[in-house]
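Each chain gets a letter, A, B and so on, in the order the sequences are listed, and its residues count up from 1.
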Number of protein chains: 2
Amino acid sequence: MTFDTTDIQLLHYLQADAKQTTKELAHKLNLSVTAVYERIKKLERSGVIAQYVALVDKNKIDRSFVAFCHIKLVQHTQDNIVKFEREVTSLKEVVACYHISGDYDYLLKVVVQDMEKFRDFMVKKLTSISHIGSTHSMFVINEVKHTTAIRL
Amino acid sequence: MTFDTTDIQLLHYLQADAKQTTKELAHKLNLSVTAVYERIKKLERSGVIAQYVALVDKNKIDRSFVAFCHIKLVQHTQDNIVKFEREVTSLKEVVACYHISGDYDYLLKVVVQDMEKFRDFMVKKLTSISHIGSTHSMFVINEVKHTTAIRL
DNA sequence: TGTGAAAGCGGTCCGAC
DNA sequence: GTCGGACCGCTTTCACA
């Protein structure tokens with residue numbers, strides 16, 4: 001799929017605020033309501049817009065403690081990898097998990113209440129997953145930037 | 001603000017799909033439309049729901065290359081930190097930046113087209129930011145899990 | 001807080017350009 | 001790909017338990 005400047009602007013607006021009416025968007029883009037409507041539908045049908053979600057403020061729901069965990073597996077067999085990925089995916093504290101290049105195999109983003117809960121998570125959940133070799137945790141001191149929007 | 005099980009369920013649904021009608025949600029929660037409406041408004045007013053956004057599929061817009069960059073500053077003066085954070089925040093390729101504990105000062109998530117663009121980003125944008133000491137990049141081989149939803 | 005009903009507005013579809 | 005008009009359903013408000 002190819003995008004003109006109007007599509008790019010539209011994506012920009014929808015990534016910032018998905019609750020705008022097509023009327024408002026039509027005004028911003030100097031287009032009719034129907035034209036904007038068709039463009040949005042096209043973006044949805046093609047899967048460019050994958051979903052519409054509500055973003056919750058971590059600090060308002062007592063989940064202010066964020067950590068990144070590097071993880072190394074003991075062995076990199078197909079079986080170990082599949083099992084690890086399945087188990088780690090099912091943990092609600094893990095909001096992101098990336099298989100990465102470098103000294104460690106995986107990078108996890110973990111969101112919990114506080115350091116005590118993080119300790120619980122490490123001891124009771126993470127390290128009980130089979131085949132984990134070593135881990136290395138980094139704690140977030142400050143979230144300088146965090147956006148779900150990708151600027152084209 | 002305090003949440004009962006209905007609020008928690010509601011947040012769960014809205015974090016998964018913000019375009020559901022209050023009617024559908026009322027059905028799922030066994031409540032009236034108005035009751036759901038009032039709960040949502042309360043969550044919005046209190047800032048628990050910070051925003052509603054469209055999530056775009058990276059792969060559909062040619063931004064499939066993701067890297068994490070560790071960054072160390074040369075000196076940790078107040079001034080350096082402020083400048084670095086301001087400059088890095090303004091870079092569109094940087095979708096996240098965290099001040100973290102450990103060997104490095106910052107962890108950046110960078111989203112670009114491909115390795116070539118990543119190189120451009122490093123050479124022309126990132127390393128031209130003042131006061132950067134050393135960097136260490138890790139490339140994402142596979143995104144195992146990535147969610148914007150926080151489960152309570 | 002909860003409910004149902006009434007009002008108003010926006011999303012959606014249509015035929016035309 | 002765009003337009004305006006018309007319809008229908010949803011959001012929003014209200015009086016009330």
* Asked: What heavy-atom pair brings Val36(A) and Ala26(A) nearest, and what distance separates the two atoms?
  ->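 Heavy-atom minimum between the residues: CG2-CA, 3.5 Å.
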* Given Arg39(B), which of Leu25(B), Thr34(B), Leu10(B), Leu11(B) fulfils the side chain to side chain contact (heavy atoms under 4.5 Å, CB included) condition? -> Leu10(B)
* Structure fact -> Expected list for residues 42-54 of chain B near DNA chain C, using heavy atoms below 4.0 Å, is Lys42(B)
* According to the salt bridge (Lys or Arg N to Asp or Glu O under 4.0 Å) rule, which pairs have a member within residues 42-52 of chain B, sequence neighbours left out? -> Lys41(B)-Glu44(B)
* Asked: Does Glu143(A) come within less than 4.0 Å of Lys58(A), counting only side-chain N to carboxylate O?
  ->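 Yes.
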Any donor-acceptor N/O pair, [X] side chain to [Y] backbone, under 3.5 Å:
X         : Y         : value
Thr127(B) : Met122(B) : yes
Glu24(B)  : Thr21(B)  : yes
Lys145(A) : Val88(B)  : no
Gln15(B)  : Ile150(B) : yes
Asn80(B)  : His131(B) : no
Asp57(A)  : Ala50(B)  : no

* **DNA chain D-proximal residues of residues 1-12 of chain B, any heavy atom under 4.0 Å** =>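 Those residues: none at all.
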* What do you reckon, is NZ of Lys23(A) surrounded by more than 12 foreign heavy atoms closer than 6.0 Å? -> no
* Could you list where the contact with chain B starts and ends along DNA chain D, reading 5' to 3', using a 4.0 Å heavy-atom cut-off? => dC10(D) to dC14(D)
* Sequence-aligned protein contact record of nucleotides 6-17 of chain C, with B where the base is within under 4.0 Å of a protein heavy atom and S where only the sugar-phosphate is -> ----SSBBB---
* Residue pairs involving residues 103-130 of chain B (criterion ring pair (Phe, Tyr, Trp, His ring centres under 6.0 Å); sequence neighbours excluded) ->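 Found Phe65(B)-Phe118(B), His70(B)-Tyr104(B), Phe84(B)-Tyr106(B), His99(B)-Tyr106(B), Phe118(B)-Phe139(B).
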* Separation of dT1(C) C1' from Asn30(B) CG (nearest whole Å) -> 16 Å
